[in-house]
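Here the structure is laid out as structure tokens; the discussion comes afterwards.
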Amino acid sequence: MISVTLPDGSVNEYTVGITAGEIIIDIEGRKHDCIAALVDGEEKDFSSELVTDCSIEGISVYSDAGMYILRHSAAHLLAQAITELYPDAKPTIGPPIDRGFYYDFADLEDFGSDELKKVQKKMHELARKNLQIIRIEHTESELSSMFENNPYKLEIIKERIDEGTGSTIYSQGDWFDLCKGPHVHSTAKLMHVRLTSVSSAFWRGDQNRDKLTRIYGLVEPTKDALKATMASIEEAKKRDHRKLGKDLQLFHVDEDVGQGLILWTPRGATIRTCLQNFISEHLTRQGYHQVYTPHIGKLDLYRTSGHFPYYQDSQYPPLVEKEMMSKLAHEGCSCGELSNMMAAGDIEGYMLKPMNCPHHIKIYSSQARSYRDLPLRLAEFGTVYRWEQSGEISGLTRVRGFTQDDAHLFVTEDQIANEVLGCIELVQVIFESLGMTDYRVRVGLRDPDSSKYVGDSDKWDRAEDACRAAASSLGVKWSEEPGEAAFYGPKIDFVVRDVIGREWQLGTVQVDYNLPERFELKYKGSDGEMHRPVMIHRAPFGSMERFCGVLIEHFAGKFPTWLSPTQIHILTISQKQVEYGREILSKLKQEGIRAEIDDGDNTIGKKIRMHRKFHPAYMLILGEEEVANGSVSVRARNGDQRAGVELNQFISELTEEINNKNSTPSLVPSREG
RNA sequence: GCCAACGUAGCACAGCUGGUAGUGCUUCGGAUUUGUAAUCCGACGGUCGGGGGUUCGAGUCCCUCCGUUGGCUCCA
């Protein structure tokens, strides 16, 4: 007999060799929702036999761990279906992910949505067969011969599996896969799967290795849960900023202008202006100085900063001076040679700036600086240009020209900790006042194995420590991520998710010992000696474009009153109220409120329908009654109404709501109380 | 940049296996003067992403370029 500790702390005796699944049934009953077991804190299959004393608890399919197991098993089912339908295809890897699972296949070409349907049908068929999923241990050499036709699996076996210990396979029907598990015990648990998309991937994520076909899917424990997941995905698509940007006329991207180059239309520009004003207020309060610098600079500037050699491939090509070109032409330089010179950087010219720091550095060094000048905080809404890969460009979140709410702080060594803290507090304040609380903080450190970083390790250590210290004092969860540093220094990033689950870096604070060194920056200390300042780069929004994109999705286009492109839409019920409506319009405008009027001859129902799509904070409905007593009828976004509001009263309430930057319009009491 | 899918009026979409384009909304013009999510009638609007090819004939088939979407890779 063995003694097994149960979740409630009690201890039961079982015969040696009893399976984990049998104990779960014993303690949870037949109708439990577990799909695997946690034995001494380790995830195990139901079939796993227990031979020593241990503790056990069930893993519910509704827990995160349970869902991962379910997704992992669904990935196997996908691979089984593919193998049966396309015997030449070679399964490689297929892990569970936060939103479902995927599996990568080699030698599966021309796979489209028709094929996807076929495979999904096959998966349902296999699920219905109720195939038992069995774990079998094998030695390394046995595994090698089992997967002799699959070089990808062989590579994994060779790399990860010791000859002595061997590893396991999981089999279902005739099919089997190399896997550590655990898995659900039967394919019947995988009835509710849905394949969502086909895309591609590289073997081992390496561009130079084989291209694989990746198939994504979703799985849920029940039919209803699957339905709900599909519905929430559909719902999320409606708040995609690319769709809303078009519907609400916020921005436009024109292929004649260029990929990833944003044209801000009046409504979107209004939002951006409001945000810039909002940041500017904070800048003034925190002792920043705003500066302006041009969009281009000499190539040499970026050689000194290191950006030109390091980020060559992701910059617009240099702008070469006319004289230089004709001189080269006279010398008989061919196009090919010219292109080589450009690539090697052996050419004079200008660059569209990929960063604002060099320009700000030159402002710093334009004067002799003393310790009394520090910290010197230079801020600019600076527009930069980067040659992002064409396949990466997307909406407002990944673009080729964008404006950073950038600033560079020149500080003494002992001011670093305090100033970094000030920066991340600013980011936090700004995020919170916009109601964006769902972010994570990432401290990007250098990767010890990589040589891509510049500067000596002593300074890196100090900068990394400063970042860790600042992050811990923030009071939110943060993670250290080696390899995520910038090439010149460590950084603290604020990362958020968009509606389709992709993560984007927004706010960032970076400590930099490197650029001051490269540009030989100095200040005179109180000791009369010359010292080197340290730089801090920071941008609370990151990029105005990306931030606005995320913000559009965050609010689903329904902006708080202070950010709403049009705050008030005035709708007249008939032509009789046109004059009154225009009076109100001009009064609102005088008060600095963004208002529009629709005094056309459509019915009020139609006007509401048409204007709703712009999500103004409020609509004012004007009929005979309002004209008679000089009032307005206020309509909220959800259709709730507040009739007979005296105009001046409304304006003062509205102005207060705007000045307070309330996160939701709330001048109309909700019907639901 | 790589893989796959896609690109028809301002927007959302239809157009079967090749026979020179349709619907709804928007817009505009009339009628109506309307009380909180669809009043009626009429009109305008497209060299079907660009270019090339096959064919008697291409929105439809082929090639190529551009762009979009989903991933991969990259991200100062």
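All values derive from a computational prediction rather than experimental measurement. Every chain is numbered from 1 and lettered A, B, ... according to where its sequence line falls, protein lines coming before strand lines.
- In this pair, A:Phe650 and A:Tyr618 present their aromatic rings perpendicular. The plane angle is above 60°, beyond the 30 to 60° band.
- Closest-nucleotide positions on RNA chain B for A:Ala486 and A:Ser394 were compared, and the one nearer the 5' end corresponds to A:Ser394.
- For A:Tyr103 and A:Phe101, the gap between ring centers reaches or exceeds 6.0 Å.
- B:A5 and B:U68 make up a base pair, with Watson-Crick or G-U wobble contacts both under 3.5 Å.
- Nucleotide B:C28: paired with B:G42 (Watson-Crick or G-U wobble, both distances less than 3.5 Å).
- Applying the 4.0 Å criterion to OP1 and OP2 of B:U69, one finds that A:Arg242 has a side-chain N or O inside that range.
- For A:Lys607 and B:U36, the shortest distance from a side-chain N or O to OP1 or OP2 is not below 4.0 Å.
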Applying salt bridge (Lys or Arg N to Asp or Glu O under 4.0 Å), run through A:Lys238 and A:Glu235 and close with a yes or a no. CA-CA 5 Å; A:Lys238 288 188 196 154; A:Glu235 205 49 44; 3.4 Å; yes
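- Nearest heavy atoms, A:Arg440 versus A:Glu481: NH1-OE2, 3.0 Å.
- Looking at A:Thr603, its side chain has no donor and acceptor atom pair within 3.5 Å of the base of B:U32.
- Among A:Thr403, A:Asn356, A:Thr293, the single residue meeting the side-chain hydrogen bond (donor to acceptor under 3.5 Å, both in side chains) criterion with A:Thr383 is A:Thr403.
- Along RNA chain B, the nucleotide closest to A:Glu484 and the one closest to A:Arg637 are compared, and the more 5′ of them pairs with A:Arg637.
- With a cut-off of 3.5 Å on both Watson-Crick or G-U wobble distances, the partner of B:U54 is given as none.
- One C1' atom belongs to B:C65, the other to B:U23, and the distance between them is 32 Å to the nearest Å.
- Taking the C1' atom of each, B:A14 and B:G7 are spaced 15 Å apart, rounded to whole Å.
- Under 4.0 angstrom from either OP1 or OP2 of B:C72 there lies no side-chain N or O belonging to A:Ser199.
- Distance noted for atom C1' between B:G49 and B:U69: 15 Å (whole Å).
- Taking the six-membered ring wherever Trp is involved, the centroid distance between the rings of A:His537 and A:Tyr488 falls below 6.0 Å.
- Of the side-chain N and O atoms in A:Gln575, none sit less than 4.0 angstrom from OP1 or OP2 of B:U33.
- Using Watson-Crick or G-U wobble geometry with both donor-acceptor distances under 3.5 Å, B:C13 finds its partner in B:G22.
- Atom pair A:Asn602:CG and B:U36:C1' shows a separation of 14 Å (rounding to whole Å applied).
- Donor-acceptor pairing under 3.5 Å, judged by distance alone, is present between the side chain of A:Arg398 and the base of B:C75.
- B:G22 sits 14 Å from B:A43 when the P atoms are compared, rounded to a whole Å.
- The local environment of CD in A:Glu579 is sparse, with at most 12 non-hydrogen atoms from other residues, nucleotides or ligands closer than 6.0 Å.
- Rounded to an integer number of Å, the gap from A:Asp104 CG to B:A4 C1' is 14 Å.
- Comparing B:G42 with B:A5, their C1' atoms sit 41 Å apart, to the nearest whole Å.
- Taking atom C1' on both B:A9 and B:G46, the two are 5 Å apart, rounded to the nearest angstrom.
- Rounded to an integer number of Å, the gap from CZ of A:Phe614 to P of B:C11 is 14 Å.
- When the P atom is compared between B:G35 and B:C28, the two are found 23 Å apart, to the nearest whole Å.
- For A:Phe487 and B:A76, the ring-to-base geometry does not satisfy the stacking test (centroid distance below 5.5 Å, interplanar angle below 30°).
- Rounded to whole angstrom, the span from the NZ atom of A:Lys353 across to the C1' atom of B:A76 amounts to 14 Å.
- The shortest distance between the side-chain N/O atoms of A:Tyr310 and the OP1/OP2 oxygens of B:A76 is not below 4.0 Å.
- If you measure from atom CH2 of A:Trp504 to atom P of B:A76, you get 13 Å, rounded to the nearest angstrom.
- B:G53 and B:G67: their P atoms are spaced 23 Å apart (whole Å).
- Considering only side-chain N and O atoms, A:Arg209 lies nowhere under 4.0 angstrom from the phosphate OP1 or OP2 of B:C2.
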